Undergrad: 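One structure, pasted below without further comment.
Quick caveat: nothing in here was measured; it's all calculated off a predicted structure. All residue numbers in this chain count up from 1 along the given sequence.
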Amino acid sequence: MRIYLISGEDSGDLHTGNLLKAIRLQRPGWEFRGIGGDQMAAQGMALIAHVRDINYMGFAEVLRHLGDIRKLFKQVKSDVEAWKPDAVILTDYPGFNLRIARFFHEKGIPVYYYISPQLWAWKKGRIRHIRSFVKRMLVILPFEEKFYQKEGVEVDFVGHPLLDALADQPPRQPEKGVIALLPGSRKQEIKRMLPVFLEIARQFPALKFVIAGAPSQSAAFYEEIIGDAPVELAMNQTYAVLRRAEAALVTSGTATLETAMLGVPEVVCYRGSNLSYQIGKRLIKVPFISLVNLIVGKKLVEELIQQDMNPQRLQAELRALLTPEKQAALSSGYQELREKLGGAGASATAAEKIISLQESLATS
C-alpha cells in the first residue's frame, strides 16, 4: 500500500510522524512519500519537500510566496502522477491541503484528513471542500466531532496526539528563575516575537531565559537575532526546556497546549503583520486564540495579542506568573484541560481507522 502525506508545520510533522510510527507497527510493508519534516522522515517517509521551506504564516506572507506555493502544487501533482499512491493523509496546513484535496479526489485517491483546520474559528465556508473531497476527518479536539457531524461530514474523534508525544516525558523539574521563550517555528513569527522576548530578558537580569529553538530553523538564524542579549539558545529541545522552566512566554499555536500539558505557567503571545491582524480580526469568530482557553471554555491563560504584546504588558504578566497564587490557579485549570482531552492513544486510534478504511476499500 502506498500512502502520500502532506504536512506543512513542525507540529504537524511531529504528530504525523507518530501516526506513521503507529501505522508501520501494524503494516510494516506500507510505503510513504510526500511533504513533511525530520520526524516523518525518521519513520521511513521519502520527502519531496521539507516543512522548513514551506512554512509561511499570515495573509501578507502567503501573498509574497504565492509563486513558490504554485510551484509546490505542480511538484506534488507531478510526483503523485508518477508514484500513484493508494491514499493520501493530509495534516492541518489548510491553505495548501484544502486545495490539493480536490486534485486527489478527482484522481480517485481517498483523502484522510488528520488534525482539522480550525474551520470552527474562521472560514467555515471551506467546509464544503471537506464535505466534497475528504473521505474521513480524524479530529483531535472533543468539540470538533460535533461540529463536523452537524455539517454532514464523516468524522472520528481520536484524541489529542500531544498526549502520545508527552507520554514518555520525564517528570517536570522546574528550576527557580528559569523562563522558557517559545517564539514560534516560522521565520516570520520568530522575527516578530523574539525581539520583544529579548527585551524582556534584558529587564529581568536575575532570571535565566532559555529560547526553545524550532527544529525547522538553524541556530545561526536565531543567533543573528539574539546578538548580545542575555539568553541561552537550546535547539530542538523544547520539551527539555519546558520541563526545567518555572514559567514560559509562548507564541500562539500548538506550543501553548504543549506548555500547559507539561504543567508550565504561561502567557500566550501573538503579533502578526498589521494586514494579517486586521483581516484575521474580522474573520475569526472565537473568543480566544489559544487552544488552552478554547478547550476549557474560559480564560485560563493570559493572551497578549498584537498591540497588547508589548514589553510593559509582558513584564507585568511575567511577574504575575511567578506568584504562588497564579501558579496554583493554572495548575488546577491544567488538570481540567487534561480531563477534557481524554487519554493517550490518538496516534494508534487514527492509524487503526485509516488502515481499516483503506483495506475495506481495497477489498470492495
Side-chain angles (χ1 to χ4, degrees), residues 7 9-18 20-21 36-43 50-53 55 57 160-191 193-198 200-201 204 207-269 291-292 301 318 321-322 334 344 347:
S7 177
E9 300 173 314
D10 285 340
S11 60
D13 174 46
L14 169 66
H15 299 320
T16 312
N18 285 329
L20 282 178
K21 183 178 180 180
D38 295 344
Q39 300 298 320
M40 294 162 74
Q43 297 304 321
H50 197 285
V51 294
R52 74 169 69 93
D53 301 318
N55 209 342
M57 178 186 181
H160 205 291
L162 265 183
L163 298 171
D164 295 335
L166 297 173
D168 298 328
Q169 288 293 309
R172 177 174 169 244
Q173 295 183 317
E175 300 173 21
K176 188 73 173 176
V178 173
I179 309 299
L181 301 177
L182 278 67
S185 61
R186 304 174 180 92
K187 277 188 167 67
Q188 296 97 330
E189 64 185 351
I190 295 168
K191 287 178 180 178
M193 305 297 292
L194 187 51
V196 185
F197 289 170
L198 296 177
I200 294 301
F204 289 86
L207 301 178
K208 182 176 184 177
F209 291 82
V210 184
I211 299 168
S216 59
Q217 306 301 336
S218 68
F221 169 69
Y222 287 95
E223 289 163 354
E224 186 176 346
I225 301 172
I226 292 169
D228 61 355
V231 297
E232 176 185 322
L233 174 63
M235 292 301 300
N236 199 16
Q237 300 177 53
T238 300
Y239 291 165
V241 170
L242 287 170
R243 287 200 310 272
R244 61 186 284 231
E246 186 178 4
L249 306 180
V250 186
T251 298
S252 179
T254 305
T256 65
L257 193 54
E258 292 174 303
T259 303
M261 294 302 293
L262 286 168
V264 184
E266 67 177 312
V267 175
V268 175
C269 309
L291 287 172
V292 176
V301 296
L318 178 55
L321 275 188
L322 298 176
Y334 287 168
S347 302

Undergrad: Say whether, by atom type as modelled, one donor and one acceptor occur between the side chain of Asp13 and the main chain of Gln39 under 3.5 angstrom.
TA: yes
Undergrad: List in chain and number order the residues that pass side-chain hydrogen bond (donor to acceptor under 3.5 Å, both in side chains) with Gln237, two or more places apart in sequence or in another chain; answer none if no residue qualifies.
TA: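 Expected list: none.
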Undergrad: Does any non-hydrogen side-chain atom of Met261 lie less than 4.5 Å from one of Gln169?
TA: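 With C-beta onward as the side chain, the pair stays apart.
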Undergrad: Tell me whether Arg172 contacts the main-chain N or O of Ala245 through its side chain, where contact means a donor paired with an acceptor under 3.5 Å.
TA: yes
Undergrad: Has the side chain of Glu246 got a donor or acceptor atom that lies under 3.5 Å from a matching backbone atom of Gly177?
TA: yes
Undergrad: Taking side-chain contact (heavy atoms from CB on, under 4.5 Å) as the definition, give me every residue that meets it alongside Ala219, ordered by chain and number, with sequence neighbours left out.
TA: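 With sequence neighbours excluded, Ala219 shows a side-chain contact (heavy atoms from CB on, under 4.5 Å) to Glu223, Leu233, Met235, given in chain and number order.
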Undergrad: Has Asp164 got a side-chain atom pairing as donor or acceptor with Ser347's backbone, closer than 3.5 angstrom?
TA: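 Such a contact is found between Asp164 side chain and Ser347 backbone.
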Undergrad: Would the distance check show the side chain of Thr256 and the main-chain N or O of Gly253 forming a donor-acceptor pair, the cut-off being under 3.5 Å?
TA: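 Yes: the side chain of Thr256 pairs with the backbone of Gly253.
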Undergrad: Could you check whether any side-chain N or O of Tyr222 sits under 3.5 Å from a backbone N or O of Ala214, counting only pairs where one atom can act as donor and the other as acceptor?
TA: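 Yes, because the side chain of Tyr222 sits within donor-acceptor range (under 3.5 Å) of the backbone of Ala214.
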Undergrad: So, the side chain of Tyr334 versus the backbone of Val264: is there a donor-acceptor pair under 3.5 Å, distance only?
TA: yes
Undergrad: Parallel, tilted or perpendicular: which one describes the rings of Phe204 and Phe209, with boundaries at 30° and 60°?
TA: tilted
Undergrad: Given 3.5 Å as the limit, does a donor-acceptor pair link the side chain of Gln43 with the main chain of Asn18, or not?
TA: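 Checking the backbone N and O of Asn18 against the side chain of Gln43, no donor-acceptor pair under 3.5 Å is found.
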